Chemist: 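One structure follows; several queries about it will come next.
Quick caveat: nothing in here was measured; it's all calculated off a predicted structure. The sequence lines fix the lettering, A, B, ..., with proteins before strands; numbering per chain opens at 1.
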There are 4 protein chains.
Amino acid sequence: MTTPRKSLSSTTRRNEASRRAILTAAFELVQEVGYAKLSIEGIAARAGVGKQTIYRWWPSKGAVLFDAFLMLAEQSDGEGTGLPDTGDLEADLKAVLRATVEELNDPRYDEPMRALNTEITHDPALAALYAERLDGPMRELKKQRLRSAQRAGQLAGDLDLDVAVDMLWGPLLNRWLQRTGALTADYADSIVETALNGLRPRRRMAGQATENAERRILRP
Amino acid sequence: MTTPRKSLSSTTRRNEASRRAILTAAFELVQEVGYAKLSIEGIAARAGVGKQTIYRWWPSKGAVLFDAFLMLAEQSDGEGTGLPDTGDLEADLKAVLRATVEELNDPRYDEPMRALNTEITHDPALAALYAERLDGPMRELKKQRLRSAQRAGQLAGDLDLDVAVDMLWGPLLNRWLQRTGALTADYADSIVETALNGLRPRRRMAGQATENAERRILRP
Amino acid sequence: MTTPRKSLSSTTRRNEASRRAILTAAFELVQEVGYAKLSIEGIAARAGVGKQTIYRWWPSKGAVLFDAFLMLAEQSDGEGTGLPDTGDLEADLKAVLRATVEELNDPRYDEPMRALNTEITHDPALAALYAERLDGPMRELKKQRLRSAQRAGQLAGDLDLDVAVDMLWGPLLNRWLQRTGALTADYADSIVETALNGLRPRRRMAGQATENAERRILRP
Amino acid sequence: MTTPRKSLSSTTRRNEASRRAILTAAFELVQEVGYAKLSIEGIAARAGVGKQTIYRWWPSKGAVLFDAFLMLAEQSDGEGTGLPDTGDLEADLKAVLRATVEELNDPRYDEPMRALNTEITHDPALAALYAERLDGPMRELKKQRLRSAQRAGQLAGDLDLDVAVDMLWGPLLNRWLQRTGALTADYADSIVETALNGLRPRRRMAGQATENAERRILRP
DNA sequence: GGATAACCGAGACGGTACGTCCGGTCTTACC
DNA sequence: GGTAAGACCGGACGTACCGTCTCGGTTATCC
């Protein structure tokens, strides 16, 4: 389940081509046939690989799936090293959450991600790995953006950024996993707005009141 | 998957004892052996029932699990018909979320609930049923409490109560499902506080404002 | 491995069609692909049957093979209930041994019989069954013929008939199994003659000559 | 499968130590775990040898086994270069067959020999090799002893010695391979006596009695 | 109140996948 | 170039369950 860089001194005679074929096959298969019908045998067949080659290197179906995501993540590394930071926190967060919504709705990722979540929920070891390798780095980027906003005085100074991240992405992911409702851009916006302002009524203040007043005028 | 009351006009010759035995067996088994090793055959054996009796009445393993929860829910109906309403919204919500945390941490419910969530995430039909029969009623109670607070001016007047519910329970459930961190009472409290106040700095009025003013002086 | 006659009170819900299909497939397969490549999986596939159905009723590949022969034997029961008894022991034995030679040389039986012998040689339990159900009855028929000859004074009075049977068929079977030489009708004849007369030189005697003389007259 | 003496001009870089380790391991393993569970991998592991080294030098598992016997035979060469020849054919044969019985009953040789026979019965090429290298020389020794008896007039002059050998050892080997009955010294004796005298009644005659009488005189 | 039909337990059945073992080939690093 | 080590593709093992299908044996209702 480790991801050996060939540059390391490791003397493993592992076949890199097989490894990639397996991860690709796993990802494609789960998206085609769904989690319930995903089988090691199927993955091996699709990858043109002996079953033993899978069992030799991964302890479980979930671990394969996890590595498949890891491979994907590494490929798209460097793409965007960080959340957008235009200075407008609300807009930036809305943009990011809308992107998340789109990804979750994307049929290429929907099933695979549900599958990964299922594995994680039933396997603490895998969950730890997930926290370390996938969720962790992502969460760090999110917290960076929030920290920047916090420094700019746009977020409460005593805010626990982990809680903040949960507050923003938790509702979204939960609605997606439990299928409690449709995942739309509007919903993402609502989450951001409500999370930022809180559930309590906000006494309008100078600047803010003005801003809102303006908008009410512009879009009655 | 229907839950026939025998008092209804239904002319089903269904054996109520078998039905209960199956649901009980399913719930107990999933909690003992885990989701991955839960099998229809195991349920039938434990319930002392023929496999066909399960296949006759339920379309899937998930449906059995769902009904098991439904049975549980009905048993504890009337227990508390509504969330506590002491007038102190924050305290009431903290109490409820702490209770949720305890339930999710309870080894009797942890695995079964994860299993149910897994089934729901992979089966839209089941998810719809879940929304209608289990989540729906629960959510209604939550919204009632929030509505009451809203009427009392403790919540924003234009607040979307569904979003509010998501904002409060979403982070909790997501952290639990993804095992992103420990579920503690403190965490529940943080969620409630942060959700109510929002992520943005609150210009406290009167005393609060002073505090912020002070801080601004201290850390310019 | 038992061979249930449906007439028995047995309440087994065993599928007779599957049973026959399995035995037929096993026999045909071993003769087509050879013992080394005979697999339970192959038998199941050829018989159109689940593997479990084989494992449910037979403890080993050898047991299936054994039952296949048993089925064959039962089909050809009644065909010849006993060895030929023309009064001419030597001729009768030669006829029977020549028939055995032909059977062993028959490509339809060669491989299957080698396979059965292999299983027997490595599995005492199977060997016991073989002795009881297949070899036993056959051997009884052979001994009957010899007994008849013994009563007619054509065989030594103190002859152990089991040894006699071994003496006649043992060399043949051994040469076949060990491939020590070709199995021909001539070889069968040699065995019979040598076994009857013994290895020692025989002085011709009155009586014997007479007997032969008489027969030469009766059947020129 | 060849058995290269290093003294030969062969320029093979073959590792003699590995060769012996493999043959020894094969022999020991088959006797410990039985023919069915004998595997190339197991042999390689036990011999501390790479699998390839086996595949490089032997075409099949049976060939390894065969060579293992060959090695054994060569070690005990010179031991007894010929069957005992006391002049008393019957006694000599009984002694030899009893020795054979003991060898077949010896747990050290039983399984290995059954295994070799199995390989031979299913592999004509191996059988040819067996006939040439193992059975052939042995048979020649047997025939020598019989020839000697034949010259002494103790065996029929027109006797086919190959048939005679089969007549003596065939019943024994067949009973052993097919497990038709226990292999005892008594059984060996019966075979010898019956084979020598034949199945037919023997009218004792002057000459024979004389012969015996004479012998009693010569070797009291 | 006897017929009859749906339901029940049991479990055999044709299948699919499991996780393991081994066959035979190929590669790597050593000697 | 032979060797120990062992990864690799593939095929079979024996087991566990799937979902379907009989099989007798209760019920429970309807004639």
Chemist: Assess D:Arg14 against D:Trp57: is NZ or CZ under 6.0 Å from the centre of the six-membered ring, and within 45 degrees of the ring's axis?
Modeler: yes

Chemist: Enumerate the residues from residues 22-31 of chain C whose closest heavy atom to DNA chain E is under 4.0 Å, giving them by residue number; use none for an empty result.
Modeler: none

Chemist: Assign each of B:Lys61 and A:Ala44 to its nearest nucleotide of DNA chain F by heavy atoms, then name whichever residue's nucleotide is nearer the 5' end.
Modeler: A:Ala44

Chemist: Taking atom CG of A:Leu72 and atom OG1 of A:Thr24, what is their separation to the nearest 0.5 Å?
Modeler: 9.0 Å

Chemist: How many whole angstroms separate atom CZ of D:Arg19 from atom P of F:dA4?
Modeler: 14 Å

Chemist: Let me know the distance between CD of B:Glu41 and P of E:dA10, rounded to the nearest Å.
Modeler: 13 Å

Chemist: Enter the distance from D:Arg46:CZ to D:Ser39:OG here, rounded to the nearest 0.5 Å.
Modeler: 11.0 Å

Chemist: Which heavy atom in D:Ile43 sits nearest to a heavy atom in D:Leu29, and how many Å separate them?
Modeler: N-CD1, 3.6 Å

Chemist: Of the options E:dT25, F:dC18, E:dC18, whose atoms approach the side-chain atoms of A:Tyr55 most closely?
Modeler: E:dC18

Chemist: What closest approach, in Å, do B:Leu116 and B:Phe66 show between heavy atoms, and which atom pair accounts for it?
Modeler: CD1-CA, 3.9 Å

Chemist: Between E:dA17, E:dC8, F:dT20, which nucleotide gets closest to the side-chain atoms of B:Ser18?
Modeler: E:dC8

Chemist: I need the CD-P distance between A:Gln52 and F:dG6, as an integer number of Å.
Modeler: 15 Å

Chemist: Which part of the nucleic acid, if any, lies within reach of C:Gly42 when heavy atoms closer than 4.0 Å are counted: base, sugar-phosphate only, or nothing?
Modeler: nothing

Chemist: Sort out for me which residue in D:Glu111, D:Arg114, D:Lys61, D:Glu119 forms a side chain to side chain donor-acceptor pair (under 3.5 Å) with D:Tyr35.
Modeler: D:Glu119

Chemist: Between the base of E:dA6 and the side chain of B:Arg13, is there a donor-acceptor distance below 3.5 Å?
Modeler: yes

Chemist: How long is the line joining NZ of B:Lys37 and P of E:dC18, in whole Å?
Modeler: 15 Å

Chemist: How many Å lie between CG on D:Leu38 and P on E:dC21, as a whole number?
Modeler: 17 Å

Chemist: When you get a sec, tell me which of F:dC8, F:dC13, E:dA10 is the closest nucleotide to the side chain of A:Asn15?
Modeler: F:dC8

Chemist: With the side chain of B:Thr53 defined as its heavy atoms from C-beta on, choose the nearest nucleotide among E:dG9, E:dT20, E:dG23.
Modeler: E:dG9

Chemist: Is there a donor on the side chain of B:Lys51 or the base of E:dG11 sitting less than 3.5 Å from an acceptor on the other?
Modeler: no

Chemist: Check whether any side-chain N or O of C:Trp57 sits under 4.0 Å from OP1 or OP2 of E:dC13, and answer yes or no.
Modeler: yes

Chemist: Between P on F:dT22 and CD on C:Glu16, what's the gap in Å once rounded to a whole number?
Modeler: 17 Å

Chemist: Do B:Arg179 side-chain atoms and A:Thr121 backbone N/O form a donor-acceptor pair below 3.5 Å?
Modeler: yes

Chemist: Let me know the distance between CD1 of D:Ile54 and P of F:dA5, rounded to the nearest Å.
Modeler: 12 Å

Chemist: Would the distance check show the side chain of B:Gln31 and the main-chain N or O of B:Asp110 forming a donor-acceptor pair, the cut-off being under 3.5 Å?
Modeler: no

Chemist: In whole angstrom, what separates A:Ile40's CD1 from E:dG19's P?
Modeler: 6 Å

Chemist: May I ask you to evaluate whether B:Arg56 reaches the phosphate of E:dC8, defined as a side-chain N or O under 4.0 Å from OP1 or OP2?
Modeler: yes

Chemist: If you assign each of A:Gly48 and D:Ala47 to its closest nucleotide in DNA chain F, which residue comes earlier from the 5' end?
Modeler: D:Ala47

